[in-house]
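Values below: every heavy atom of this structure, side chains too, minus hydrogens, waters and symmetry copies.
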Amino acid sequence: MSVGDSSWKILEMESLNTRFSAWTPFSNKSLNRQLFQERVALISHWFDLWTHKQRQEFLFTILLRCTKSQLRFVQDWFSERTQVARVDFSTVLPRFISLHIFSFLNPKDLCAAAQVSWPWKFLTEQDCLWMPKCIKFGWFLPYTPTDNEYGAWKRHYIACVSNLDWLTPREAAALYGTLNEPKAEDEELQERQREKCLRKIIWEKIALHKKELFKVRPPWVTGTCCSRLLKSKYQPHLSQTVRDRVGLHEALEKQLVLASKEALPKQSNVSGSYPYPLLSKKKTWHGVSQNDDSSSYASQLHVIIISSRIPAYEMVVDSLKAGVISVVCEHGGMTLESLLYLIGKALQGRKAQSIGILSDGDSREINLLQGYKIGIKNLLRPEVRDFWEKLGSLVATKEEGGHVDLFVPLGASEAGIEVLSQLSQLTGTFFTAPTGIATGSYQHILSDWLGPQQAGPPPSIYFNEAKLQMWSNLTDFLEDALKSVRRELRPLFKELQKGISGRMIGQFMFDSMSMTSILNNQDIAQALADGLMELSKENSERNIIEDNSQDTESSLNKSDLDFEVLLKLERKLQRDSADKRTSAARELLQSERKYVQMLEIVRDVYVRPLRAALASNRAILSAANIQIIFSDILQILNLNRQFLDNLRDRLQEWSSAHCVGEIFIKFGGQLNTYTNFFNNYPVVLKTIEKCREMTPAFRAFLKRHDKSTVTKMLSLPELLLFPSRRFDEYVNLLYALRLHTAAEHVDRGDLTTAIGQIKKYKGYVDQMKENIRMKEQLSDIQRIIWGCPTLFEIKRYLIRVQDVVQLHCCDEEISFSLRLYEQIRDLSFFLFNDALLVSSRGISHTPFERTSKTTYQFIASVALHRLLIEDIPDSKYVKNAFILQGPKCEWICATEVEDDKFLWLSVLQNAIKSSMDK
């Protein structure tokens, strides 16, 4: 044997070395694999020959020897290849989807589903399923369930249903008949005669009621008296008589409500015993001396109407000049008739040289009161036309220099100018309004005004211009500060008139903020602000360079160059601003640049540092939270940046013949980006608050950057407000552009189309704001009234809250003029657009403190179309009283002062009329 053969045999023997067995090699993989497959085949053959029981024992032994990872492998194999036949969807789907599925079941099916399993029982007894079913029938819980309590509404539903009188179909058919059962001719004739007789009885009662009231009315009374004059032991109450005989039929009850409204006294006689002293009583008003010569006094009498919807209106009240009469009107809870009454009472029969109206609005309409947006469409409505005609009669004639000043930019659009023209033709009085557009502020009232101003611009007639300019610049900040001031000072000022309390709060704000010092040192303050801005800009750029790459640096430099080009372009357009259309285009470019800058603050100050920290493994926020908070606002930034670039390119070689309407049309077709932002806006704010609470690093990050000079003293939530406000500015600017665009201009049609697009989307945004505001308002009311049922319904909103005292007549048998009343308790009426909520009012005092807290207890709620109103004439023993009567109970009430009674009854009548017209 050669040496080579012997060495090969040695290597072969080494490759066949075995472990734990004489025939299992461990160093030869191919032989090991072959032996393994042979053994698997052998075991499989044995497995096929075994019985079922033997196979089970073998599998049991094998599974006991498996590790966790091997058992998990078996489980995954089964889940992939074997379909699950039956799965409880409530254990797989999210809870809100399961609840949505159960919401389609009726109460009987829900009770049956609750018996299936414990998970189904828990889901089907949730209050969100049973509460709508209870509210549908008017069944409200008498208490508020605790957080850990569930099933309360289900138990309440079952309790209410168990108390109903049920009739089987056979019993109901025997008692009421069936729908298909034909009636005999004599039965139909009898039914018609019965209905005719009932109608005749009702009209006879109403006619007799009015006739008797006319007979007993004193000769000096101009209105109608209360039907309680007829109430004696021989004459039952009218509404009770009719309800007893007719049975609360809906149509008949509507006639009663209308009749009760007609029987109420008008403005000339609210108290019931004497007309209002518009001319008879002589007294001073806001320090203006009385003079019988109205024409001579009109030359120095100026009246300003200030709406409470104006932000920080208290500061405006305090900005008035001495001698100017102010009338502060609540935006909600007033009617045009009540506003006229307040103006007439302030004038006391005299004529004013000028009347100013400072209220919310835009370049097309005046948002004077809630429900009264006065524009070209509703200007000729009877109540609106009557208001302006009577208001014009309170102003000196055009020959005497009288005028009405509307502090709304109606002069900046064609529709607004048409409104002013129609008002002047309707009243014979000169109406004027500002022509300028100041986006993002109220500085339009300081711009040019329509028509000649013999006594100077209207703002100088009514206001201290320095204070007014400060208010117009800081409107939003002052409103935020005044919210807390109102909460603290309003309880102390609630007995004062609104104008006086507003002036006191405004003076307090001016004094506390040292406005006089600020106004005297405006130049120094501006220089300091500019210096701080430059320093903060350098620091922010240095931080951005440290945190970000060179690409980011180059993009910032490019952005700065773009803004320098934009500023040069704005200065060029300002030199050519003699053309009104050029001036509007310059305002559009300037406002868009400022808007994009505010959006870029969000990107540069918040997004980039957070992403840089995330990339460097020092995450402040997770990638998911950054995406939720900032993704939509960054998409808006990209969209508006592109829009700004298109405007810049178009305005580079600007002339009056150029067009911008097509740019707006292109922009309007991409507004789904804004839709995503507004839909996710509540989620964004909640995510910010949650991250602030749960993440200390993010709280510190916000504390470093919020309300700094880099963010222009704004916080992150305040910066996110800008997209919702921008659409008001777009609409006003587009109207201004179209106003100064000739009818034959090529751009006029595109501007009209763009106005339609932006205005439609603005309506969508406004509706979202209004829904959120009304929902918060209703939740606040429901929280302060103990035992209050659920108030939230679609399109329900609060109109007015009125505090009254409830009275009780000691003896109704004696003569009306001798009846005595005693006060039972204090009430508060919460008037909504579809119902009246009645609650008792109490006052709780804190030991060792002067302040008190008002508490409310729910009593009842009445639908407005079922509410009757009756007036009680003043007598020796009662003043300012009236009666509100519902289907089951009535309240004899009285207000503290005469004005409150008239304003309350006026608003209540208007709400009832609107509710019945729906």
Side-chain angles (χ1 to χ4, degrees), residues 362-363 409 411-413 434-448 469 472-476 526 529-530 533 537 558-604 636-637 639-656 658-664 666-667 711-714 719 721-741 747 751 754-755 758 762:
D362 48 36
S363 59
S413 70
T435 60
I437 291 291
T439 55
S441 67
Y442 281 82
Q443 295 188 22
H444 59 264
I445 63 179
L446 302 175
S447 63
D448 295 333
Q469 186 172 6
S472 64
N473 290 332
L474 304 175
T475 302
D476 294 337
Q526 185 62 37
D530 295 340
M533 287 297 294
K537 188 182 299 183
K558 181 178 181 298
S559 177
D560 294 338
L561 292 175
D562 290 342
F563 279 117
E564 290 180 3
V565 173
L566 290 172
L567 291 174
K568 292 180 181 179
L569 182 58
E570 289 175 15
R571 286 192 288 268
K572 176 185 176 182
L573 293 174
Q574 188 174 8
R575 290 192 295 269
D576 301 334
S577 60
D579 181 14
K580 294 291 185 181
R581 194 163 187 268
T582 303
S583 177
R586 179 179 62 84
E587 178 66 25
L588 172 61
L589 181 65
Q590 182 179 4
S591 62
E592 187 66 21
R593 175 182 60 82
K594 292 179 179 179
Y595 174 58
V596 172
Q597 282 180 326
M598 300 308 295
L599 297 182
E600 289 189 340
I601 288 175
V602 178
R603 181 196 64 189
D604 298 336
I636 290 177
L637 172 60
L639 175 63
N640 280 86
R641 184 71 202 189
Q642 181 182 0
F643 177 62
L644 179 61
D645 293 340
N646 294 335
L647 281 178
R648 180 198 60 196
D649 297 339
R650 183 59 55 89
L651 298 178
Q652 284 287 353
E653 302 296 334
W654 175 257
S655 67
S656 58
H658 282 74
C659 303
V660 295
E662 60 184 26
I663 301 177
F664 267 100
K666 180 181 177 181
F667 174 72
T711 61
K712 300 187 184 298
M713 305 309 294
L714 298 175
L719 289 170
L721 286 173
F722 280 89
S724 63
R725 299 176 178 176
R726 184 56 180 163
F727 285 93
D728 293 336
E729 302 169 1
Y730 281 145
V731 174
N732 292 334
L733 290 168
L734 284 172
Y735 272 107
L737 278 169
R738 194 178 69 171
L739 174 64
H740 303 296
T741 301
D747 198 27
L751 287 175
I755 287 174
I758 303 298
K762 175 182 174 294

By side-chain contact (heavy atoms from CB on, under 4.5 Å), Glu662 pairs with (sequence neighbours left out) Arg650, Asp750
Stepwise side chain to side chain contact (heavy atoms under 4.5 Å, CB included) test for Leu751 and Val660:
CA-CA 8 Å; Leu751 287 175; Val660 295; 4.3 Å; yes
(message) Assess the residue pair Phe667 and Leu639 against the criterion (side chain to side chain contact (heavy atoms under 4.5 Å, CB included)); give the C-alpha distance rounded to whole Å, side-chain angles, the decisive distance to 0.1 Å, and a yes or no.
(response) CA-CA 8 Å; Phe667 174 72; Leu639 175 63; 3.8 Å; yes
Sorted by chain and residue number, the side-chain contact (heavy atoms from CB on, under 4.5 Å) partners of Leu739 (sequence neighbours excluded) come out as Glu414, Ile417
In this structure, OG of Ser413 is separated from NE2 of His740 (nearest 0.5 Å) by 9.5 Å
*Full working for side chain to side chain contact (heavy atoms under 4.5 Å, CB included) between Leu719 and Leu599*: CA-CA 7 Å; Leu719 289 170; Leu599 297 182; over 6 Å; no
Here the gap from Phe643 atom CZ to Ile663 atom CD1, rounded to the nearest 0.5 Å, amounts to 7.0 Å
Interatomic distance, CG@Asp728 vs CG@Leu733, rounded to 0.5 Å, equals 11.0 Å
Nearest heavy-atom contact between Ala754 and Gly661 is CB-O, 4.2 Å
Keeping Asn640 on the side-chain end and Val596 on the backbone end, is there a donor-acceptor pair under 3.5 Å?
no
side-chain contact (heavy atoms from CB on, under 4.5 Å) test vs Tyr735 passes for just one of Val731, Leu737, Asn732, namely Val731
Heavy atoms of Pro723 and Tyr595 approach each other most closely as CA-OH, 3.4 Å
Rounded to the nearest 0.5 Å, the CD1 atom of Ile601 sits from the CZ atom of Phe722 at a distance of 8.0 Å
Output for pair (Arg648 CZ, Arg593 CZ), nearest 0.5 Å, gives 13.0 Å
Nearest heavy-atom approach of Leu637 to Arg603 is CD2-CD, 3.8 Å
On a heavy-atom basis, the closest approach of Lys666 and Asn646 is NZ-ND2, 4.3 Å
Output for pair (Arg641 CZ, Glu592 CD), nearest 0.5 Å, gives 10.0 Å
I'd like to check Val602 versus Thr711 (side-chain heavy atoms, cut-off strictly below 4.5 Å). Are they in contact?
no
